[in-house]
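First the proteins, then the strands, lettered A, B, ... as listed; each starts at 1.
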4 protein chains.
Amino acid sequence: MYFNIDPKKNIPLYEQIIHQVKEMCAKGILKPNEKLPSVRELSSQIVINPNTVSKAYQELERQGVIITIRGRGTFISEDFDQTYDPRLVEKLRQSLKQVIIDSHYAGISREELIQWLEDVYNEIRGDTSES
Amino acid sequence: MYFNIDPKKNIPLYEQIIHQVKEMCAKGILKPNEKLPSVRELSSQIVINPNTVSKAYQELERQGVIITIRGRGTFISEDFDQTYDPRLVEKLRQSLKQVIIDSHYAGISREELIQWLEDVYNEIRGDTSES
Amino acid sequence: MYFNIDPKKNIPLYEQIIHQVKEMCAKGILKPNEKLPSVRELSSQIVINPNTVSKAYQELERQGVIITIRGRGTFISEDFDQTYDPRLVEKLRQSLKQVIIDSHYAGISREELIQWLEDVYNEIRGDTSES
Amino acid sequence: MYFNIDPKKNIPLYEQIIHQVKEMCAKGILKPNEKLPSVRELSSQIVINPNTVSKAYQELERQGVIITIRGRGTFISEDFDQTYDPRLVEKLRQSLKQVIIDSHYAGISREELIQWLEDVYNEIRGDTSES
DNA sequence: GTGGTCTAGACCACT
DNA sequence: GTGGTCTAGACCACG
């Protein structure tokens with residue numbers, strides 16, 4: 001399990017961690033009940049302040065992606081428990097629209113974008129299969 | 001030409017303006033060479049600090065979406081001049097991936113997401129009568 | 001609007017702030033759209049680190065109690081938007097049960113407890129009336 | 001006598017034990033002078049660190065709920081000896097207030113809350129046949 | 001060992 | 001001016 005954190009990006013460090021954990025879960029690289037590195041471990045591994053890792057973990061727990069057990073560490077959740085928050089859905093719709101429009105301006109065709117989308121879903125589905 | 005700016009959203013005001021101008025251009029609501037309201041006009045119209053509007057216009061000009069002619073005002077550009085910046089493309093790919101993963105967690109299906117994508121493209125294509 | 005924060009209590013400082021803001025909202029001491037003190041203001045007022053206040057405000061925003069507008073400050077939300085989270089409801093049920101049992105052991109009668117409950121609701125209702 | 005301990009909950013394990021013992025006593029499932037399992041028995045039964053069970057028992061003894069007789073084991077106390085500690089009472093009042101306010105925000109009505117309260121008291125009274 | 005809280009102080013983006 | 005992020009370093013509760 002390797003993290004690729006880049007402090008030079010505009011996106012906050014703790015969000016980069018959140019994104020990568022969610023991505024690894026979706027792709028099946030991280031399985032349910034699997035243990036994540038401890039806050040201190042990860043923070044020294046990616047050379048970052050422990051508080052920043054902690055913040056990422058807390059947000060991930062709030063989203064239901066991971067659970068932390070006192071004194072034992074943090075683990076990938078077993079259940080997703082999607083609550084279908086309408087505000088979140090609308091937010092995602094807007095985000096998608098913006099990506100599409102910006103892609104349009106960047107000269108990326110509709111077909112190319114759909115290909116990207118398929119690529120992502122193939123990665124998600126390919127490894128999540130319960131073999 | 002109506003702007004729908006919401007200071008309550010997390011996205012910065014100046015970005016909201018940028019997004020909406022680009023969206024209106026893509027949809028054909030704003031045509032090439034069309035005049036945009038002046039900074040002062042727009043800032044009083046949407047009750048916002050003029051500096052914020054100015055910042056949005058500057059960024060739009062930098063992106064080549066609009067051009068400012070001193071003493072005459074700002075106008076929609078005629079040509080896009082897409083330079084296919086590989087860094088931008090990669091950034092967009094990452095953004096799309098993130099939206100997909102977050103949607104996945106929000107319980108939105110692949111089909112639903114593709115439908116959203118089609119919806120956006122239909123709006124873009126339907127109104128840009130310059131084919 | 002006065003805060004009564006006690007570092008000697010076991011309950012974390014940021015939670016004390018959360019509780020008091022919610023209480024003041026429920027009682028109508030804080031009205032919708034009212035501005036809260038800025039992070040720096042409040043932190044110096046109650047002699048606490050700004051980060052701690054910030055954490056409280058962020059959690060309050062996450063709960064939908066307040067909203068923060070970039071560069072302008074934080075305000076009481078207009079809408080509650082209760083989503084009736086079943087996990088939260090169960091948690092509250094458990095908390096109530098525990099308070100009751102502990103009260104039972106502390107020699108507090110059922111009638112006394114109901115009286116307390118009524119007292120709280122009277123404060124909530126009395127001032128929330130839309131006069 | 002079955003314990004239902006969940007390490008995933010935020011509440012510390014030793015407190016969960018305390019709560020459950022007190023609840024079982026209040027409901028009459030555990031009678032005065034009844035013997036509790038030994039620290040080792042209980043810790044292996046619920047798969048937990050013995051120190052955690054020990055800590056729970058110590059706190060229960062401090063509260064006067066159980067008594068330990070060296071060489072014979074731990075037993076439920078006969079008498080409660082409620083000392084009406086004003087600090088504890090105030091603490092419970094605050095806890096109740098907070099549960100009510102949080103319930104208010106969670107969309108739980110006053111009637112519902114009172115119903116929950118009655119439910120708990122019915123369980124407590126129904127089984128304590130020592131009247 | 002684990003994570004959670006808090007402080008002090010810095011820098012940045014937005015308005 | 002506003003809040004948001006990050007660091008460094010401390011202390012505590014839990015298991």
Side-chain angles (χ1 to χ4, degrees), chain A residues 5 7 9-17 35-43 46-61 66-75, chain B residues 5 7 9-17 43 46-56 59, chain C residues 5 7 9-17 35-43 46-61 66-75, chain D residues 5 7 9-17 43 46-56 59:
Chain A
I5 302 304
K9 284 192 181 175
N10 287 329
I11 176 171
L13 298 178
Y14 81 96
E15 282 196 16
Q16 294 186 38
I17 296 173
K35 189 176 184 308
L36 285 167
S38 78
V39 169
R40 289 163 174 83
E41 260 183 283
L42 185 52
S43 67
I46 58 185
V47 194
I48 215 181
N49 189 290
N51 287 333
T52 307
V53 176
S54 184
K55 185 172 182 181
Y57 276 14
Q58 284 179 37
E59 174 63 16
L60 280 166
E61 178 162 31
I66 67 177
I67 56 168
T68 110
I69 301 181
R70 337 193 29 129
R72 296 226 261 130
T74 57
F75 304 83
Chain B
I5 303 302
K9 288 195 179 175
N10 287 327
I11 175 171
L13 295 181
Y14 82 97
E15 281 195 20
Q16 292 188 39
I17 296 173
S43 66
I46 56 184
V47 193
I48 217 178
N49 192 310
N51 292 332
T52 306
V53 177
S54 181
K55 187 170 182 181
E59 175 62 16
Chain C
I5 302 304
K9 284 192 182 177
N10 287 329
I11 176 170
L13 298 178
Y14 79 97
E15 281 195 18
Q16 293 186 38
I17 297 172
K35 191 176 183 307
L36 286 167
S38 78
V39 169
R40 289 164 174 83
E41 258 182 286
L42 185 52
S43 67
I46 58 186
V47 193
I48 215 180
N49 190 290
N51 287 332
T52 306
V53 176
S54 184
K55 186 172 182 181
Y57 277 14
Q58 284 179 38
E59 175 62 16
L60 280 165
E61 177 161 31
I66 66 176
I67 55 168
T68 109
I69 301 182
R70 336 192 32 126
R72 295 226 262 130
T74 57
F75 305 83
Chain D
I5 302 302
K9 286 195 181 175
N10 287 328
I11 175 171
L13 296 181
Y14 80 96
E15 281 195 19
Q16 292 187 40
I17 297 172
S43 67
I46 57 184
V47 193
I48 217 178
N49 191 310
N51 291 332
T52 307
V53 177
S54 181
K55 187 170 181 181
E59 175 62 17

* To do: Send over the distance from C/Ile46 CD1 to E/dT7 P, rounded to a whole Å.
  => 9 Å
* To do: Would you classify D/Ile48 as touching base, sugar-phosphate or nothing, given that sugar-phosphate means primed atoms plus P, OP1 and OP2, and contacts are heavy atoms under 4.0 Å?
  => nothing
* How far apart are the closest heavy atoms of D/Leu13 and D/Pro7, and which atoms are they? -> CD2-CA, 3.6 Å
* **B/Ile17 CD1 - E/dC14 P separation (whole Å)** => 13 Å
* Assign each of D/Pro12 and C/Glu61 to its nearest nucleotide of DNA chain F by heavy atoms, then name whichever residue's nucleotide is nearer the 5' end. => C/Glu61
* Please determine which of D/Thr52, D/Ile48, D/Val53 meets the side chain to side chain contact (heavy atoms under 4.5 Å, CB included) test together with D/Ile5. => D/Ile48
* Have a look at D/Leu13 and say if it touches a base, only the backbone sugar-phosphate, or nothing, with a 4.0 Å heavy-atom cut-off. => sugar-phosphate
* Asked: In whole angstroms, how far is the P atom of F/dG3 from the CD1 atom of C/Ile67?
  -> 13 Å
* Asked: Has the side chain of C/Asn51 got a donor or acceptor that lies under 3.5 Å from a partner of the other kind on the base of E/dG9?
  -> yes
* For E/dT7, give its Watson-Crick or G-U wobble partner with both distances under 3.5 Å, or none. => F/dA8
* In whole Å, what is the span from the CD atom of D/Gln16 to the P atom of F/dG15? -> 8 Å
* Looking at A/Tyr57 and A/Pro37, what are the two nearest heavy atoms and their distance? -> OH-O, 2.7 Å
* Structure fact -> When A/Ile67, A/Ile66, A/Thr74, A/Thr68 are each screened for side chain to side chain contact (heavy atoms under 4.5 Å, CB included) with A/Leu60, the one that passes is A/Ile66
* Structure fact -> To the nearest angstrom, the CD-C1' distance between A/Glu59 and F/dT5 comes to 14 Å
* Decide yes or no, distance alone: a donor-acceptor N/O pair under 3.5 angstrom between the base of F/dG1 and the side-chain of C/Arg72. => no
* Look only at the side chain of A/Ser54 and the backbone of A/Pro50, and say whether a donor-acceptor pair between them is shorter than 3.5 Å. => no
* Asked: Could you give the CG-to-C1' distance, from A/Asn49 to E/dG4, as a whole number of Å?
  -> 14 Å
* **Nearest-neighbour nucleotide for the A/Arg40 side chain, F/dA8, E/dG4, F/dT2 considered** => E/dG4
* To do: Indicate whether OP1 or OP2 belonging to E/dG4 is found under 4.0 Å from a side-chain N or O atom of A/Ser54.
  => yes
* B/Lys55 vs E/dC14: side-chain N/O to OP1/OP2 distance below 4.0 Å -> yes
* **C/Ser38 side chain near F/dG1 phosphate (N/O to OP1/OP2, under 4.0 Å)** => no
* Structure fact -> The residue, A/Gly71 or C/Gly71, whose nearest nucleotide of DNA chain F is more 5′ is C/Gly71
* Residue-phosphate contact under 4.0 Å: C/Tyr14 side-chain N/O, E/dC6 OP1/OP2 -> no
* Between C/Gln58 (CD) and F/dT2 (P), how many Å, whole number? -> 16 Å
* How long is the line joining CD1 of A/Ile5 and P of F/dC6, in whole Å? -> 10 Å
